[in-house]
Amino acid sequence: MGQLCLGCMKENLGEQICPYCGFDRSTEQPAPFLPLGVKLQNEDYLVGRKIDNNAEGAKYIGYSEKMHSPVIIHEFMPAGICGRAKGKTNVVVRSGSEERYKELNTEFLSYYRTIARMRELTAVAPVFDIFTENGVSYTVEEYYDSIPFTEFIERRGGSVDWNTARQLFMPLISALNSLHEAGIGHYAVSPENINVTTEGKLRLSGFAIEDIRRSGSGFEPELMDGCAAMEQYMDSAELTEATDIYGFTATLFYALTGRLPENSCDRKPDGKLPIPTAVFKRLPSHVVTALAGGLQVSPNKRMQTFEEMRSQLSAAPTVKAMRTEANRSAMQTQAASQYTSKRSGVPGYAWVVLSVLTCIFILAVAGIMWIQNHPDSSFGFIINTPGTEESEQVSEQETVDPNMIYIPDLVGKNYNDIVARQTAESDYIVIKANEEVFSEKFKEGEIAEQSPEVNIKANKGVTIVVKVSKGSANRELPVIAGQTVESAVKALNEIGFIASPGNYSSSDTVEAGKVIGYENYNAGDMAPYGAKISINISTGASTTE
């Protein structure tokens, strides 16, 4: 493996400035954060640049030698309690804060051990490792390619419709429900703490111990403006599942409207929240009800559980509801028949027949409405629309759904050109996978593979993950004789080699300081991508005494 960039953990070909992320390898990590290049846990984890920090500690991009992949390293170092001198690794606990640190560290370890046991939650990044070193605790999480949720919404034109939001947010509800059942609260659910993976799924990040998410704990609280519930601003207030309900609902509100709710402390006690008329008209009534219930300012009036939120957002006519409504109507009709038959002289059995017909009619109408609202749940029935006689015609009609597209063929096209042409109105989002591939067929920068495959039907806004070609695994060495050392090194690095000055030799044909040629190769030879190439440099013509 070549030298890794400590900014993105990709092979940087020996460049001073990484061609992938622009990180300068001469950068120093400021105190109190870990120095760049430090190795942890028996030298398994290489520490890179800091990517985030708060009062709880810091997160670094890292690399696992065992897994051969980038990871996220989370260091617990509570502000005001711990410190580290520049260039050092050991952490010092402030005198008099030993017991406080011990309590917090125990809470941190318990919190993340619980999360680590819940690796089945697709909306939460798996925790691979938890250990103690340098006097503090660490967790190691999966690194995954993604884009921020805010960028995703921006690319979609500033908001998404309910059908798109439903597919994104329902798995997140399940994850938050499972976390709270295990005693884990997040208390910072917001667009800033959600990413969209290359598979088009939401991933929740920004986990932290409870003291970081509320006032009055002794730390500077990290509260998400517009998504933090009122009780989080109150000293020593209890945080519950309803607290996360507020943050979740505010994030859903942002996805549907393109803006966050007003800060909970600034909202009126009645909890009224204006919704743009255009948005209100296109939202189903049960979604509006869920937004209103989840964004109540008072925690007592707010929706209390994610199970309730899931039920509300899934509200639609069900078989049980249809039967209940039909039975209720039948009872009302029967009661009316008893009264009417006495007055009109119409036999009671006629009213019974009418009641049955009424029930059948209600069930039929409700069933049609349910199936229209749930096209994926037809219970095996084939519904023919006017003018269609066979199921093939129905399928053909579905292909013109304006919310669906067929995956385009991107293989062979230049990745940078495609990204440059993408706008908020684009039908799909293209993301480059962390893994790049060698190819004799595709030039460097061209797309060699894509997922999903071509012509698969998908929702608009689908994420297409591509692998970009590095070009051929073997490259021809160019003629460098007579060039300056700088220009030769640059030319070789640009085509994938790691070039460096080698030995100095006398030359009657090449002036001093310029390149004679290669030490172990000849111009025109083939060498593997990433090979280390040493350059022979002239000292000028030889002299004879």
Side-chain angles (χ1 to χ4, degrees), residues 1-2 4-5 7-13 15 18-23 51 61 63 67-72 122-123 125 142-157 160 164 167-168 194-203 205 403-475 494-496 528-530:
M1 176 180 292
L4 290 174
C5 168
C8 64
M9 293 301 166
K10 293 182 180 180
E11 294 182 40
N12 67 354
L13 309 179
E15 293 281 358
C18 177
Y20 301 106
C21 69
F23 184 77
I51 56 178
I61 187 169
Y63 189 86
M67 295 187 289
H68 302 292
S69 66
V71 293
I72 300 296
T122 59
E142 179 188 66
Y143 176 87
Y144 51 92
D145 291 314
S146 63
I147 59 173
F149 186 64
T150 51
E151 181 181 340
F152 174 81
I153 294 298
E154 183 180 344
R155 290 190 185 186
R156 297 300 301 270
V160 295
T164 301
Q167 296 175 17
L168 290 170
I194 294 177
N195 295 311
V196 182
T197 69
T198 53
E199 291 80 24
K201 309 295 184 182
L202 297 190
R203 271 280 178 91
S205 61
N403 295 317
M404 304 292 287
I405 65 166
Y406 284 99
I407 300 296
D409 186 359
L410 304 180
V411 173
K413 296 181 172 60
N414 185 277
Y415 170 76
N416 291 330
D417 291 345
I418 290 175
V419 172
R421 290 196 300 268
Q422 288 210 296
T423 66
E425 289 74 32
S426 297
D427 288 342
Y428 53 88
I429 298 171
V430 178
I431 295 180
K432 182 169 65 174
N434 199 41
E435 176 188 359
E436 294 180 299
V437 294
F438 293 107
S439 173
E440 300 296 329
K441 180 178 180 181
F442 300 106
K443 298 178 182 177
E444 188 167 8
E446 292 181 345
I447 295 172
E449 300 177 29
Q450 71 175 72
S451 178
E453 297 177 356
V454 179
N455 288 333
I456 291 178
K457 197 173 181 181
N459 289 316
K460 280 188 177 180
V462 64
T463 298
I464 303 176
V465 185
V466 299
K467 292 183 180 179
V468 179
S469 171
K470 286 185 175 181
S472 174
N474 293 294
R475 312 288 173 88
E494 285 179 349
I495 58 176
Y529 181 92

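Position 1 is the first residue of the sequence, and the numbers go up from there. None of these values were measured; they are calculated from a predicted model.
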[X] and [Y]: which non-hydrogen atoms are nearest, and at how many Å?
X      : Y      : result
Ala473 : Phe438 : CA-CD2, 3.7 Å
Tyr529 : Ile495 : CD1-O, 4.3 Å
Pro70  : Tyr143 : O-CB, 3.3 Å
Ile194 : Ser205 : N-OG, 4.3 Å
Val437 : Ala448 : CG2-CB, 3.7 Å
Pro452 : Ile464 : CD-CA, 4.3 Å

Is the shortest heavy-atom distance from the side chain of [X] to the side chain of [Y] under 4.5 Å?
X      : Y      : answer
Val430 : Tyr415 : yes
Ile72  : Ile51  : yes
Asn474 : Pro528 : yes
Tyr428 : Pro408 : yes
Val71  : Met9   : no

- Task: Tell me, yes or no, whether the heavy-atom count around Glu151 atom CD, taken from other residues, nucleotides or ligands under 6.0 Å, exceeds 12.
- Result: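 Atom CD in Glu151 is packed in, count exceeds 12.
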- Query: Would the number of heavy atoms belonging to other residues, nucleotides or ligands and lying under 6.0 Å from NZ of Lys201 be above 12?
  - Reply: no
Pairwise distance [atom1]([X]) to [atom2]([Y]) - rounded to 0.5 angstrom:
X      : Y      : atom1 : atom2 : value
Cys18  : Glu11  : SG    : CD    : 11.0 Å
Arg155 : Thr150 : CZ    : OG1   : 10.5 Å
Ser439 : Glu449 : OG    : CD    : 9.0 Å
Phe152 : Thr197 : CZ    : OG1   : 10.0 Å
Asn455 : Glu453 : CG    : CD    : 10.0 Å
Asn414 : Glu444 : CG    : CD    : 10.5 Å

- Task: List the steps and the verdict of side chain to side chain contact (heavy atoms under 4.5 Å, CB included) for Val196 and Leu202.
- Result: CA-CA 5 Å; Val196 182; Leu202 297 190; 3.9 Å; yes
Taking [X] for the side chain and [Y] for the main chain, is one N or O donor matched with an acceptor at less than 3.5 Å?
X      : Y      : value
Glu494 : Gly496 : no
Glu446 : Lys443 : yes
Arg203 : Thr122 : yes

- Query: Given Ile447 and Ile418, is the side chain to side chain contact (heavy atoms under 4.5 Å, CB included) satisfied, shown in steps?
  - Reply: CA-CA 10 Å; Ile447 295 172; Ile418 290 175; 3.6 Å; yes
- Message: Test side chain to side chain contact (heavy atoms under 4.5 Å, CB included) on Val411 and Phe442; report intermediate values, then the result.
- Response: CA-CA 9 Å; Val411 173; Phe442 300 106; 3.3 Å; yes
- Task: Apply side chain to side chain contact (heavy atoms under 4.5 Å, CB included) to Met67 and Glu142, showing your working.
- Result: CA-CA 10 Å; Met67 295 187 289; Glu142 179 188 66; over 6 Å; no
